[in-house]
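Data block below; observations after.
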2 protein chains.
Amino acid sequence: MPAHAHRSQTVKVKDVAREAGVAVGTVSRVLNDHPAVTKELRERVEKAMAHLGYEVDVTAQSMRAGRSRLVACAIRDFDIPRFALFIKEAEAVLREAGYTLLLASTTNRPDVEIALLRAFRRRRVDGVMMTLSDEQHRDVRAALSEATMPVLLIDRDRIEALDRVTADHREGARLATSHLLGLGHRRIAMLVGDLKAFPSRSRLEGFRAAYAAAGIAPDPRLLRDDVLSSEDAYRATSSLMSLAEPPTALFVAAMDMLGGCLRALRTMGLAVGDGISVVAGSDSDLAELYWPPITAIAWDLAAMGRHAATMLLERMRGDEIERGRGLTVPTELIIRGSSRPFAN
Amino acid sequence: MPAHAHRSQTVKVKDVAREAGVAVGTVSRVLNDHPAVTKELRERVEKAMAHLGYEVDVTAQSMRAGRSRLVACAIRDFDIPRFALFIKEAEAVLREAGYTLLLASTTNRPDVEIALLRAFRRRRVDGVMMTLSDEQHRDVRAALSEATMPVLLIDRDRIEALDRVTADHREGARLATSHLLGLGHRRIAMLVGDLKAFPSRSRLEGFRAAYAAAGIAPDPRLLRDDVLSSEDAYRATSSLMSLAEPPTALFVAAMDMLGGCLRALRTMGLAVGDGISVVAGSDSDLAELYWPPITAIAWDLAAMGRHAATMLLERMRGDEIERGRGLTVPTELIIRGSSRPFAN
DNA sequence: GACTCTTGATGAACCGGTTCATTGACTCAA
DNA sequence: TTGAGTCAATGAACCGGTTCATCAAGAGTC
């Protein structure tokens, strides 16, 4: 492609049409691979486009077509290291299909979520994948039902007929808790995020299910919810380990909170595995390489990203598919040295 | 805002104008806060908009205005945990200014970089911030000079008149190397990324400057470049430590490669600090919480993101500013237990 | 009272593509 | 030879805003 040439101002279909000696409609047909164009004309038009360095204006296309080939992704906070994998894979799938990714952070606030949905609609975004701070929030639900484009929920509870991809947090948490109970621990503390959102609720369910299966009741004083940052995890761990009867095991179930927990233990002079067992709710280099290595729950965020993008593409294509599909990726427990038998 | 009402089809300026009993031009003026509208008419129009649930079509606005209020960010790979901080802060600044962020991954390939620049132009993107796989690549430079919108380089070398934000990798690497040399190490291995890109080149410069200042020559056999993934770092570390004369210190200068290095050492049964010192090129939870904690170079990626967005906004505003501005955030060396005096 | 200025409102043209009713050429059958 | 049927190409209307030349009304001046 030479692309050099007459970059005087911007070249438009009209210019290409004149250069090729055809009508604008024909140029448009060539651009859109319409079958009813003779090979000869097609070549003439393509030559003219190359010669003039023509580039379609996507805005103008969107204008007429009513769709933008944009897909928006709005999540709580980009700054969750492993979540980048989700976005990376989703972007790759979408780009492959000719879509461009719009990114926005909801900062976990309902009003921002609503404002973003509105902004996306104003941009004629073709599809949205997002998290929600609170699936029950009335105004958010209203905004979702007013959305004119398909919305796919990322790791959130079922809402009406929206598609969703989730990880099996319930099972992950159940496995982790059973594992600790099986090692003889009875005082297991759980650090979990915002219970208004699906992952934390599921994890708590799994935790309780494991206790129930063992016929024991967990000590409610050992539950810390609303652990949303590493600093929160630091504070929660410090306060838990300062209890008169501290826990013998810590289940740091919120994503990416392990650092704060370990920092607190180190500050207090406590060694993981020696008296206090630790299980992390998500795997990481830190979990793998810490000494002792930290038992962790793992799941495939890359697959989640791919599935999310693929499901959304299908929905945008308008295929006749049942509404409200859900896809759950499995979680597994990777047992390492940080979870040891309880020795009293 | 009721927003209920006549959501028959989409409401347009024309409908609002009819409802308010004014001309479409007046509605447009109200939308754009044009001063020449009487308070009374403004209120009537606003009431009509609220009543009809009107929402402007950004595509149509872009069409006429020639600008999209989109800013694109294209980086090598989202999957660099700390880089999320950059994007997060940049997005916040841009959104505040009324822009939406487009995200794409270049996968570090020149052809993708060129294709993305073209795609951004087609979308009338107002500004771009991006990394480059190779600042010297002819076709990429040609594509950049053909770009019609301002482009800001993220952590890359000066190219013609483009703005840039960088971290002072040279100084960080110099500090790290001096530190190790000062501890008596003479055989320091360096793991670094692609030398075609600025950060790796700068780090190597800093490394060599420190050696030069000490009046010593580094052993070229201890340099490993093209370390781009954690697996690369694993292999490089393994091969280095298998040398007949292995290094006494490892400087893992590439970003986010520490995990692979530590994994290799663990596999080989080598303990950090005991015989082999380690310095990481970027800080992380892993570096801080590993035992012994890893000496690391740190810089403020959040500030880089904010500065990048701010500089790009200024440029897009068309302010009369000198071309080719550069902003460098400082790096510092956080000395921890992984770097110890060389004992022969 | 005539004239000039100022200010607010109007609506047709425009941004750059796509779509579709219409046209013209050509083939084939009766 | 005529009529029906295909198929490629045409170009005006359209998508939904913004802009700007034009106009009307009211204020101010002499």
Side-chain angles (χ1 to χ4, degrees), chain A residues 7-46 48-49 52-70 98 119 121-126 148, chain B residues 7-46 48-49 52-70 98 119 121-126 148:
Chain A
R7 185 167 292 297
S8 56
Q9 284 310 312
T10 52
V11 182
K12 311 161 201 178
V13 268
K14 205 194 292 183
D15 304 313
V16 175
R18 194 185 316 114
E19 171 88 10
V22 300
V24 289
T26 307
V27 177
S28 178
R29 281 186 174 186
V30 171
L31 277 173
N32 296 287
D33 284 320
H34 191 100
V37 188
T38 52
K39 200 176 155 195
E40 187 248 330
L41 267 203
R42 173 181 304 280
E43 278 166 8
R44 232 162 73 204
V45 170
E46 279 168 351
M49 295 202 287
L52 298 174
Y54 173 75
E55 270 178 351
V56 275
D57 184 318
V58 180
T59 309
Q61 291 186 311
S62 307
M63 180 78 186
R64 184 76 231 255
R67 52 128 191 68
S68 60
R69 299 232 167 262
L70 288 173
R121 188 168 43 193
R122 279 204 274 267
R123 286 208 179 268
R124 296 195 186 177
V125 157
D126 295 339
T148 47
Chain B
R7 187 165 289 298
S8 56
Q9 284 310 311
T10 53
V11 182
K12 310 163 201 176
V13 268
K14 204 193 296 184
D15 305 313
V16 176
R18 193 186 315 115
E19 171 88 10
V22 299
V24 289
T26 306
V27 177
S28 178
R29 281 184 172 187
V30 171
L31 277 174
N32 295 286
D33 282 322
H34 191 101
V37 188
T38 52
K39 199 173 156 197
E40 185 249 330
L41 267 203
R42 173 181 303 280
E43 278 167 7
R44 231 164 73 204
V45 170
E46 278 167 352
M49 294 201 288
L52 299 175
Y54 173 75
E55 270 178 352
V56 276
D57 184 318
V58 181
T59 308
Q61 291 185 310
S62 307
M63 180 77 184
R64 185 76 231 253
R67 53 130 191 67
S68 58
R69 299 233 168 263
L70 288 173
R121 189 168 43 195
R122 278 205 274 269
R123 286 208 180 268
R124 298 196 187 176
V125 157
D126 295 338
T148 48

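Chain letters run A, B, ... following the sequence lines, proteins first, then strands; residues in each count from 1.
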* To do: Kindly compute the distance separating CG (B:L70) from CG (A:L70), expressed to the nearest 0.5 Å.
  => 6.5 Å
* To do: Could you tell me the separation between the OG1 atom of B:T26 and the CG atom of B:L31, rounded to the nearest 0.5 Å?
  => 11.0 Å
* To do: Please tell me if the side chains of A:V22 and A:V30 come closer than 4.5 Å, counting only heavy atoms from C-beta onward.
  => no
* **Close side-chain approach of A:R123 and B:R69, heavy atoms under 4.5 Å** => yes
* Asked: Using a heavy-atom cut-off of 4.0 Å to chain A, what are the terminal contacting nucleotides of DNA chain D, in 5' to 3' order?
  -> D:dA8 to D:dG16
Any base atoms under 4.0 Å from [X], or only sugar-phosphate, or nothing? Heavy atoms, all strands.
X: A:A65; result: nothing
X: B:V58; result: nothing
X: B:T38; result: sugar-phosphate
X: B:R42; result: nothing
X: B:V27; result: nothing
X: B:R67; result: nothing

* Structure fact -> Heavy-atom closest pair (B:T59 atom, A:M63 atom, distance to 0.1 Å) is CG2-N, 3.7 Å
* **Closest approach of A:S68 to A:R124 (non-hydrogen atoms, all atoms of both residues)** => OG-O, 2.7 Å
* To do: For the helix from C:dG1-D:dC30 to C:dA30-D:dT1, measure the angle between the helix axis at one end and the axis at the other, each built from five pairs, rounding to 10°.
  => 50°
* Donor-acceptor contact below 3.5 Å, side chain B:R29 vs main chain B:A36 -> yes
* Asked: So, B:R44 side chain and B:A20 main chain: donor-acceptor pair closer than 3.5 Å or not?
  -> yes
* On DNA chain C, nearest-nucleotide positions of B:A60 versus B:T26: which is more 5'? -> B:T26
* Asked: Quick one: on DNA chain C, does B:V22 or A:R64 contact a more 5' nucleotide (nearest heavy atom)?
  -> B:V22
* To do: Could you list the residues that satisfy salt bridge (charged side-chain N to carboxylate O under 4.0 Å, His left out) with A:R18, not counting sequence neighbours?
  => A:D15
* Can you tell me the distance, in whole Å, between the NE2 atom of B:H34 and the C1' atom of C:dT10? => 13 Å
* Pairwise 5' ranking along DNA chain D for A:V24 and A:P35, keeping only the more 5' one -> A:P35
